[in-house]
There are 2 protein chains.
Amino acid sequence: MKENSVPEATVARLPLYLRSLVDMTERAVATVSSEQLAEAAGVNSAKVRKDLSYLGSYGTRGVGYDVEYLIYQISRELGLTQDWNCMIVGVGNLGRALANYRGFGSRGFRVAALVDSDTAKIGGRVGDLEIEDFEDLERIAKERQVSIGIITTPAAAAQGAADRLVSAGIHSILNFAPALIQVPDDVSLRKVDLSIELQILSFYEQRKAAFDSVRRARRLTGSAARSTRP
Amino acid sequence: MKENSVPEATVARLPLYLRSLVDMTERAVATVSSEQLAEAAGVNSAKVRKDLSYLGSYGTRGVGYDVEYLIYQISRELGLTQDWNCMIVGVGNLGRALANYRGFGSRGFRVAALVDSDTAKIGGRVGDLEIEDFEDLERIAKERQVSIGIITTPAAAAQGAADRLVSAGIHSILNFAPALIQVPDDVSLRKVDLSIELQILSFYEQRKAAFDSVRRARRLTGSAARSTRP
DNA sequence: ATGGGCTTGTGAACGCATTCTCAAACCCGA
DNA sequence: TCGGGTTTGAGAATGCGTTCACAAGCCCAT
């Protein structure tokens, strides 16, 4: 029943549930139904129940789920009962912003290293971290037990950064550079791409604009248009 | 055949194709097959053909697609033949990084305004833009014809920011704040959530670690384990 | 002009994820 | 202890997206 293979789509929602549940403990809520959790996380209740059922049977029929216990189970499933060290590769605007991001550590993630290949930047500081040489990436990753690499380089440098992270034994990478990068099968790669998100919004925005202009045209020629369909 | 409704999944991939195609023109490639484009975009060729077929029949059998023409068609479909003005709400580390982001404008997006509710920040500059008062959001949005709102506030302020953007007549929002926000049905909302991405990576990272330790254990107790199954 | 070699476009099959539905299980009050 | 009200957990149905497979169509060499 339990055991292997939580669907990807479910994994992607677990952090949402977790966040909602943490909010609830802060409001001293002890128990939550799938209906309530669904509302808080912005999904529907059947999905919540199915998702949680992949982790096990942690609810109580007629009652709901114990908030604390569910937080623990989801955290465990997501591997958040331990801390993870991250390395940021590429200290531009975005890399700097991420390095300063509070609430990064809130859920067990710690920026343990910043590297860049620009000699003008190496040796500089961001917060209480020093910017180190990209060439020392492997050594640094090993010393600090980095397990997650975050790429915030320009697009052209992204593949090189990924290659070095992989050769340093890292197999979880989050790529912010607007470029497709290739990694071996055993490496998890996720990407966040601002310009793609904007282009998707643009698509729907344009569609709305087109629809609106049709409506405007209809309103103007309303009677004529209607008269063509008696 | 053509007409309405390009599937969401396809819309999300069009920007990828577009990027690959633009790379190709820079390398003076005139024609591309679905196979080549698939390789460049990191998907498979059947998907490319199906996706492109939603836009129309722009390929030539036995030959492939004309790169320039395809760029034009995809750009048109995505609404990138016009410029879009964006407003960044919340000028913290991330907001500042986005405001400075070059290549933002590369594909027709322009940061037209920065607003924040912190009086200490208002009046300050980021690049050649002034930080303005959040309270003036509606007026600014109208004056500058902003159509996309980018929320980079703390989580607690995100819903308020969204509400104001909506009331300013904006119906495309990109949310970077780690919070669920509610918008009316006619508003497109996309979210980018760093901590969720990290938690997803953590899940798979943990799974790998668990698997590795099983392998290690097997190696140690290999013969004994095997002997239990004769 | 014809045939061979490619590549597109698309119907059909498949698979994964979501949603529906309801029996099983729990709590609580009488 | 029993019955009513509530909620989970999971089988079944549905829907969406991906992949397969191949006919249709194009180019080029002969």
Side-chain angles (χ1 to χ4, degrees), chain A residues 1-17 20-21 24 29-71 73-74 77 196 200 203-204, chain B residues 1-17 20-21 24 29-71 73-74 77 196 200 203-204:
Chain A
M1 179 208 292
K2 194 185 159 179
E3 215 38 67
N4 231 345
S5 73
V6 180
E8 275 193 51
T10 295
V11 173
R13 277 189 298 268
L14 290 178
L16 282 177
Y17 301 148
S20 300
L21 290 165
M24 287 173 187
V29 177
T31 285
V32 67
S33 70
S34 60
E35 196 70 54
Q36 294 168 312
L37 181 51
E39 156 115 43
V43 300
N44 70 35
S45 63
K47 211 180 277 185
V48 169
R49 289 199 298 279
K50 184 127 281 186
D51 284 343
L52 295 182
S53 77
Y54 289 115
L55 313 191
S57 292
Y58 299 136
T60 307
R61 294 170 190 226
V63 178
Y65 301 87
D66 181 273
V67 175
E68 292 276 10
Y69 187 55
L70 200 50
I71 287 177
Q73 289 297 345
I74 293 179
E77 192 74 26
I196 285 183
I200 295 171
F203 173 87
Y204 291 106
Chain B
M1 180 207 295
K2 194 181 157 180
E3 216 39 67
N4 230 347
S5 73
V6 180
E8 276 193 51
T10 295
V11 172
R13 277 188 297 268
L14 291 179
L16 282 178
Y17 301 148
S20 300
L21 290 165
M24 286 172 187
V29 177
T31 285
V32 66
S33 70
S34 60
E35 196 72 52
Q36 294 168 312
L37 181 52
E39 155 115 43
V43 301
N44 69 36
S45 62
K47 211 181 277 188
V48 169
R49 290 198 299 278
K50 184 129 280 185
D51 284 342
L52 295 181
S53 77
Y54 289 115
L55 313 191
S57 291
Y58 298 137
T60 307
R61 293 169 191 230
V63 178
Y65 302 87
D66 182 272
V67 175
E68 290 277 10
Y69 187 55
L70 200 49
I71 287 176
Q73 289 298 345
I74 294 178
E77 192 74 26
I196 285 182
I200 294 171
F203 174 86
Y204 292 107

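Only a predicted model underlies this, so the values are computations on that prediction, with no experimental measurement involved. Lettering follows sequence order; numbering is per chain, from 1.
- Comparing C/dG9, C/dT19, C/dG11 against the side chain of B/Ser53 picks out C/dG9 as the nearest.
- For CD of A/Gln36, the number of neighbouring non-hydrogen atoms (other residues, nucleotides, ligands) closer than 6.0 Å is greater than 12.
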| said: Using the rule given for side-chain contact (heavy atoms from CB on, under 4.5 Å), can you reason through A/Asp51 versus A/Val43, listing the C-alpha separation, both sets of side-chain angles and the distance that settles it, and then say yes or no? | reply: CA-CA 11 Å; A/Asp51 284 343; A/Val43 300; over 6 Å; no

| message | side-chain contact (heavy atoms from CB on, under 4.5 Å), that's the test. Do B/Phe203 and A/Glu8 meet it? Break it down for me. | response | CA-CA 10 Å; B/Phe203 174 86; A/Glu8 275 193 51; over 6 Å; no

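- Between A/Lys50 atom NZ and D/dG11 atom C1' the separation is 7 Å, expressed in whole Å.
- Counting only heavy atoms from C-beta outward, the side chains of B/Leu37 and B/Leu70 approach each other to under 4.5 Å.
- Interatomic distance, B/Leu55 CG to B/Glu77 CD, rounded to the nearest 0.5 Å: 5.0 Å.
- For the pair A/Tyr54 OH and D/dA10 P, the computed distance is 10 Å after rounding to whole Å.
- Here A/Tyr65 reaches the OP1 or OP2 of D/dG9: one of its side-chain N or O atoms lies under 4.0 Å away.
- Whole-Å rounding puts the B/Asp66 CG to C/dT7 C1' distance at 15 Å.
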N/O contacts under 3.5 Å, protein versus nucleotides 28-30 of chain D?
none

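- Atoms OH and OG1, on B/Tyr65 and B/Thr60 in that order, are 9.5 Å from each other to the nearest 0.5 Å.
- Proximity note for B/Ser57 (side chain, C-beta onward) versus C/dG9, C/dT19, C/dA17: the nearest is C/dG9.
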| request: Test side-chain contact (heavy atoms from CB on, under 4.5 Å) on B/Tyr58 and B/Leu52 and set out the steps. | output: CA-CA 8 Å; B/Tyr58 298 137; B/Leu52 295 181; over 6 Å; no

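- Heavy atoms only, all atoms of each residue included: A/Leu21 and A/Val32 are closest at CD2-CG1, 3.9 Å.
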| said: Base contacts versus sugar-phosphate-only contacts with protein, heavy atoms under 4.0 Å: please encode nucleotides 22-30 of chain C as B, S and - from 5' to 3'. | reply: --BBBS---

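- Rounding to whole angstrom units, NZ of residue A/Lys47 and C1' of D/dC16 are separated by 12 Å.
- As a whole-Å value, the separation of A/Leu70 CG from D/dG9 C1' is 14 Å.
- To the nearest 0.5 angstrom, A/Tyr17 atom OH is 7.0 Å from A/Lys47 atom NZ.
- In this entry the distance linking CG of B/Leu14 with P of D/dG17 reads 13 Å, nearest Å.
- Rounding to the nearest 0.5 Å places CE of A/Met24 at 13.0 Å from CD of A/Glu68.
- Applying a 4.0 Å cut-off to non-hydrogen atoms, none of the residues of residues 31-39 of chain A approaches DNA chain C.
- With rounding to whole Å, A/Leu52 atom CG is found 15 Å from C/dT19 atom P.
- One can place CG of A/Asp51 at 13 Å from P of D/dA10, the figure rounded to the nearest angstrom.
- One distance of note links OG of A/Ser34 with NZ of A/Lys50; it measures 13.0 Å at 0.5 Å rounding.
- Minimum atom distance to the side chain of A/Glu8 is reached by C/dA17, of the listed C/dT19, C/dA17, D/dT19.
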